[in-house]
Amino acid sequence: MYPVTELIKNLADRHGRERRNLLPILQGVVEQEKYLSEYSMIEIARELDLPASEVYGTATFYSFLEYKKMGKYIIRICKTITCSMKGKNQIIKTIEDMLKINVGETTPDGNFSLLQTNCLGFCHKAPAMLINYEVYTDLTPEKVREILTNYINKKGREE
Amino acid sequence: MAKNIKITINEVAVEIESGTSILDAARQTGVIIPTLCYHKDLCVAGNCRVCVVEIVGQKRLSAACATPCEDGMDILTNSFKVRNSRKHIIELLLSEHNADCTRCYKNGNCELQKLASDYKIMTQDFIRLSRSKNYTIDHYSPSIIKDDSKCIRCQRCVRTCEEIQGVNALTVAYKGDRMKISTFFEKPMNDVICTNCGQCINHCPTGALVEKNYIEEVWDAIADKSAHVIVQTAPAVRIGLGEELGFKAGTRVTGKMVAALKRLGFDAVMDTDFSADLTIMEEGTELMMRLKRALVDRDPEVKLPMATSCSPGWIKYIEHMYPNQLGYLSTCKSPQQMFGALAKTYYAKAKKLDPDKIVSVSIMPCTAKKFESNRPEMHDSGFRDVDYVLTTRELAIMIKQAGIDFMRLEDMPFDSLMGESTGAGVIFGATGGVMEAALRTVYELVTGRSVPFENLNITPVRGMDGVKEASIKIESPIEEWEFLDGVELKCAVAHGLLNAKKVMDSIISGESHYHFVEFMACPGGCLGGGGQPIPTNPEIRRKRAEAIYAEDEGMPLRKSHQNPEILKIYNDFLLKPMGERSHQLLHTKYSPRERF
Amino acid sequence: MINLTINNKKLQVEEGTTIFEAAKLNNILIPHFCYMENVHQIGSCRICVVEVEGGKTLMASCVTPATEGMIVHTNSERVRDVRKVIFELMLSDHPKECLSCWRNQNCELQDLGNLIQLHEFRYEGAKSKDVIDSSSPSIVRDSSKCILCRRCVTVCNEIQGVGLMNPHHRGFSTFIGPSEDELLGESVCTNCGQCVLVCPVGALKEKDSTAAVWEALYDKSRTVVVQTAPAVRAALGEVFAYEPGTLVTGKMAAALHQLGFDYVFDTNFAADLTIMEEGSEFLERVTNAFNTKEKNHVLPMITSCSPGWIKFMEHRYPDQLAHLSSCKSPHMMLGALTKTYFAEKMNIDPAKLFVVSVMPCTAKKFEITRPEMFSNGLADVDAVITTRELGRMIKDAGIDFRSLEDGEFDSPLGLSSGAADIFGTTGGVMEAALRTVYELVTGRELPGIKLHIKPLSGLNRIKTAELKIENPLPAYSFLNGVTVKVAVTSGLKGAAELLEQIKNGTSPYHFIEIMGCPGGCISGGGQPRPVNDAIRTLRLEAIYREDEGKLLRKSHENEDIQMLYRDFLGAPLGHKSHELLHTVYAQRSKN
Amino acid sequence: MPSPAYLLKRVDFIFKDEKDWKEILKNSINRPAHELINELISSELKGRGGAGFPTGLKWKLTAEVDDSIKYVICNADEGEPGTFKDREILSKVPLKVLTSMAVCGHVIGSKEGYIYLRGEYFFLQPELNKSIREFKDYCNEINFDFTIRIFMGSGAYICGEETALFESMEGKRGEPRNKPPFPSTYGYMGKPTVINNVETLAHCYTIFEYGSKRFYDLGVQYSRGSKLFSVSGDTPKPGIYELELGMSLVDFVDEFGDGDTKAVQVGGASGFLVPRKGFRETTIGFQGKLTGISLPTGGSMMLFNSSRSMYNVLDNYLEFFREESCGQCTPCRVGCQQLLNGIKAVKRGEKNALYLNKLMRLTETMQYTAKCGLGQSVANSFSAIVENFREEMIY
């Protein structure tokens, strides 16, 4: 039994197997696996007795439910008007230089993915970004470098 | 009775039932409102916004298909605001569309083309988006081609696959400008659960979903002098073909169809109805044997009810959805495949032809037959039983291509050896037809008397409602079947895969127990199949059904076992139904498939 | 007779018929493109090639005569492949914008595509020059859509004799039209629109005025008046899939009311008025010729209701302009009257009136821009839409044409006589005029079954007739024993012939009717496509059926006309008539 | 012009303490439903989410429908750019919101309440769950049957629209439904549903606490009560301020602008952009004939100073709408792309400036025919920017 199948079984037991519980289950899988693989979508469809295409259609609608391989930490920079006015591009440049990847890519070692997202609701502390579910605001290039280094170390410590 | 309300449409006062949508109210008063994502078979989506109308007093325009009328509404379907908006919306649709109509399969029969020509879009000022998008064409499936550059995202196919067929092969994916109709993980239609029933083709307003056509291959076969090209035509083709060539819906063009096929250059024009009668003989006997094993030998693992197996869309559906219930299916092949097998054995021997030189073509109202003809187990004659399958639409195109003036053709009969057919064969094309044909023969074999229905029309299995049930009491059968005395033969008929699912679920849960169930993949049976002329809607299906039953009443022979050519084939070649040779040629087996 | 087999079907045809015609007679349709019945068969597009057994190459069936014992295959494998390649080559230089083209769903290239079922994209190459010439008020030319089938060249040179549309340059850069830098608006083009009628694709179209009409309809402050020409009611049905030759007069009027026009008048009313004016003018000229001594009479008199013909004459025969009757065309007369007589009667401010005329003709769009067509500062007619454009407007408004009940024309400018109806066909104006003139001169009805003059009806190019005048009324005693000779022609080629006779003084006629388009207005440049002689005959018969179906058969018996003279105009050729109903002509350069 | 004395009046209701929520809850659920409804109606409280639908009427309509199962939903999707007040309310005074939801349950006869929390506010969950548990215990204590659960969104701005929110909660794609039928008769799972914005529920709490009079006195005719404003952009003091409705924009800019404010975006991307010359006659509030135009708003106020290029602002909005449109209906899906490509083409000089007028007419069509608010409100800022800052769009 793959770990994902087991995870999906528990999520289904916890949330229920109706169509309206689909989104919580999808979120549960993304929280763990960082993305929805083809296999996991099929398992969800089997568990909830739903057509696979419906699961795929619903999942691809929401920007947080990724369906491509993602790194362990997903960095999401807010690109809406106030953040982009307050220097979001410099932040992106700094991260790109540090991690050697462009927006939309994942680092070769699979630790970080860099994405852009729409308004995070921190316009008064722009620019802002999310790393997985943590919010970081009033970013400056130095602050970003510092945040990333301790993520890399934290990452290092876990290994 | 819902109370009537008064509204005015284009300053014409009208009284209609409350709750009718503005679109229906307008239609009743002779005002045409353009629609694209609206279809009589499907629920109202209201997402193309082409049918917006102005309600006096409201700033925003409302969609006529989705807005119910309220008392005192003053509706303008052609005010300045409406015309401007409608023109803009159509132009927006065109800016995303690959407008190369001359090379499109649906040229001349496309709702977007008609809309653009009716509402004369002459300006071209929006930026062509279709060029900057990398549209893909999926042509791996033997039945269906999906061309995204022609899709206007009206979601009619998604709603068809969900509401009528319950298969959900297609869904809407992504969001914003990347939104598109796609399968699971954008896989080719051939790799997902699609049953090739073609209902999505029938409901698609543009050329985004069309059938894979084999017109070129058939023309080449005809042109090849050394090949002996034979063609078989399905029961539902003769009452659908007329619509493509200028006749009203429900006109019977059997004789003209045969004449046209001969004019096209086919060496022998024969009738699938012949093998429909053959199917009745085989399947009827199989049913009798199952009943015998169930009631006499008390054999536990005999599977009752027996399900018909002539709809390949239904077969692929059950293989996907109920892989371990395949035992219910009758082992008989579909009439098309039976014909194919016999063509390259019995017919070849009788006409002293080399089977390798025979090219067997079939004209079907169905796109799933294209998939069925290249299933691995359909090579029992040593060669591929049916080489090419054409839909009714493709035949109409070939007739036009050959420059045949169809209206003025005089009728011609089918060729011999496999062209004779009975009324029971013809009604295969309508839902409940196979059941009625089977009952006419089985009842007579068992009791020696003909079916106790006036003029042999077993009305309870007729009509368009989703699931139909009927039961016939068997009294004083002939002695060979006397164990059936007093047994109430319970049968059911389901058309449209969603209804099929209902019946299957009730069988598995033991809620209902029938002896014999007819399943058809398409609503209305084969007459509403995926290959029939477009448009197809409830009234057209009813008219086609009337035509089929009229053809049945007009036939001299009405029961399959009276067909002389059938009797001839049994004593020359097959010896007896369910005999050793029948098993080798006319029966098949099924393979379970992954559901996802 | 020769016998041949086509698609292994034995046929017998006369000597000299082409393979295409032989097949057509026996219900076998061969795909074709540049061939057009009654226009030409020049075998330039090669779509209609067929395989003849024994022949090395495929032969164009439209130009290859059938020979004894020929075995033809119209659908062999070779033919189909070749046809696909040719079709694709044509498409490679054609814009792929069907859905925003005005010929969408009414284009022979699309129908051909439907037949050939081509789905490959093998040839993508350079596109030829993309010139859009919308200088002319009637016709717009879009060379990017031109397929070089040369139908317009044949029509403009052989049938109309204007000789404007010609191929230029060579090879891939060949293009069809007036010369390189010349614009239609400034050329000798008579705007007759025959080229628009025969063009299979969207390369030539009428200039769209529906936008202006819609704008006027939505402008609540203006009163919008519409008038329909005699030939429109005989062809509008074809836009809504009626058989050619179905009369839809009632439904047309109902549709116009539903479109939102405030008043629906009938150009036929003004046709009766034209007969009164032109008839009197003819009588005046005849009296000068036969009665008085001065020799400055100008005969023969030529009708002037076809603007295409008038512009042709102004270019080609500027010094014979005096022969033209000075009457305006019927729809200009009605426009002028609307903004004076009608405006006064209903006390509407003429500036607020917007007059639209529905015409079977594209030249009328040019006519309303002529400087002489303005009375007291206001244009007589503000917009002209063709029958095709009216069909589109009806569809655009979502009116279910076929289920309309019949409506009526509004008075006072709506009533019309049978004589007015036959204006739509060639010979109609002459017959209508003679019905009135003969009765004015002799007091007796025109002899001839059902008031028709047999030799003047029908489609041949030049038709003549003679009418002997015996014991006329005392006022016209000088005409006793005179045989009035009349001639009728349609198509500018015939007109040129008659004008040559006038030019060198040998013309025996007193009265000549000339129509710009072959067959008269029933097959004008604005009529629904396709048009061929069979369809012209059906429309012609419909027009005569409407004439015979009316009680009122002569223009001078129309009470509304008599009321108009009593209340407003006074007498024919009176001072007011001259001011409103007559016009002058301008000499134009020859090339 | 209202008298100059009418300057910005700071108010402090929302973030005042919520310590006596238990007592308010108890005596509210003992009052008859119609009395509570009339209280809301007489307070003239209008929806604070941006649509401005009178809350009293909404509760009344849903209460009248008799159905055993009804739902109360708190819309905490807050995707509108420049809006961040709901997050503050839910983190500072969550119990006010929960109380109002319970009272609403009592009024319309519903036992189930949901908070639709946007995916980006994942970190709010632990705190909020704690308050919900605390609330639940008290409910059991006074045996008032009303359970509240959190439903997490997953990043889709469109799910702020009420029917798209229902679709999303039903596990489907967040595609807005046809209206009618309206949520009061056919909402979540097809049952009658009241759906209110977080701030609206907070205001309900104030009304239940002090009665409708105190609320009614604030603000001006048609725009009663106070409103939380999220101020951001070129301003020395970005943040959240509770101000009375009906204030004029000129006062607002004097207070919050950096002295060089060129334009103010009222109501986020789907709101209205007011250029400097429009400040004088614009007031913030719902419809009604105060001098000049008044703009309904979800509370987002973004200030732009003269260093900002309005072309980039509009480009950013259109990119936002193109991505966040649900893609279901033609005018919005294709319209947004055409607008974006259109202004880019004009900027690059491929199309002449007149093309902007064609795009303006297109936005008019989108406003009239789009199926939901998103498509309809793209026109607001587009027309304002193109009309007032035409040169910035072309050169």
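Heavy atoms only: backbone and side chains are in, while hydrogens, waters and symmetry mates are out. Residue numbers start from 1 in every chain, and the chains themselves are labelled A, B, ... in the order their sequence lines are given, proteins ahead of strands. Keep in mind the model is a prediction, meaning the values are calculated, not measured.
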Under 4.5 Å from any heavy atom of chain D, what part of [X] do you find: side chain, backbone, both or neither?
X        : result
B/Ala63  : neither
B/Val172 : both
B/Lys81  : side chain
B/Leu36  : neither
B/Val44  : both

Practice problem: Please assess B/Lys175 against D/Glu324 for the test salt bridge (charged side-chain N to carboxylate O under 4.0 Å, His left out), listing each intermediate value before the final yes or no. | Solution: CA-CA 7 Å; B/Lys175 184 171 70 174; D/Glu324 290 299 335; 3.2 Å; yes

Exercise. Indicate yes or no: does D/Lys60 engage D/Glu64 in a salt bridge with an N to O separation below 4.0 Å.
Key: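 Yes, charged N to carboxylate O under 4.0 Å.
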
Exercise. Identify whether the distance between the nearest side-chain nitrogen and carboxylate oxygen of B/Glu111 and B/Lys114 falls below 4.0 Å.
Key: no

Quiz prompt | Working for salt bridge (charged side-chain N to carboxylate O under 4.0 Å, His left out), residues D/Glu364 and D/Arg361 | solution = CA-CA 5 Å; D/Glu364 229 180 79; D/Arg361 277 203 301 280; over 6 Å; no

Under 4.5 Å from any heavy atom of chain B - which part of [X]:
X        : answer
D/Cys326 : backbone
D/Asn178 : side chain
D/Lys179 : neither
D/Tyr355 : side chain
D/Arg177 : neither
D/Glu175 : side chain
D/Glu323 : backbone

Quiz prompt | Pairs of heavy atoms under 4.5 Å with chain B: top-ranked of D/Leu359, D/Val334, D/Asn341 | solution = D/Val334

Exercise. Against chain B, work out which of D/Ala370, D/Cys332, D/Ala345 has the most heavy-atom pairs shorter than 4.5 Å and name it.
Key: D/Ala370

Practice problem: Assess whether atom CG of D/Asn352 is packed by more than 12 heavy atoms of other residues, nucleotides or ligands within 6.0 Å. | Solution: yes

Self-check item: Over 12 foreign heavy atoms within 6.0 Å of CG, B/Asn134
Solution: no

Determine the option with the most heavy-atom pairs under 4.5 angstrom with chain D, choosing from [options].
options                              : result
B/Ala66, B/Cys48, B/Ser85            : B/Ser85
B/Val50, B/Val52, B/Leu61            : B/Leu61
B/Val82, B/Ile127, B/Ile89, B/Thr171 : B/Ile127

Quiz item: Which members of residues 155-174 of chain D, sorted by number, sit under 4.5 angstrom from chain B on a heavy-atom basis?
Solution: D/Gly155, D/Ala156, D/Arg173

What I want to check is whether the side chains of [X] and [Y] have a donor and an acceptor closer together than 3.5 Å.
X       : Y        : value
B/Lys59 : D/Gln376 : no
B/Glu54 : B/Ser79  : yes
B/Asn4  : B/Glu15  : yes

Self-check item: Backbone of B/Leu42 reached by a side-chain donor or acceptor of B/Arg159 within 3.5 Å
Solution: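 No, because the side chain of B/Arg159 does not come within donor-acceptor range (under 3.5 Å) of the backbone of B/Leu42.
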
Quiz item: Given side chains that start at C-beta, do those of D/Ile394 and D/Leu356 come closer than 4.5 Å, heavy atoms only?
Solution: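 SC-SC contact between D/Ile394 and D/Leu356 confirmed.
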
Can you give me the closest heavy-atom contact between [X] and [Y], atom names plus distance?
X        : Y        : answer
B/Cys101 : B/Gln113 : CB-NE2, 3.8 Å
B/Thr67  : B/Met73  : CG2-CE, 4.4 Å
B/Ile181 : B/Cys157 : CG2-SG, 3.7 Å

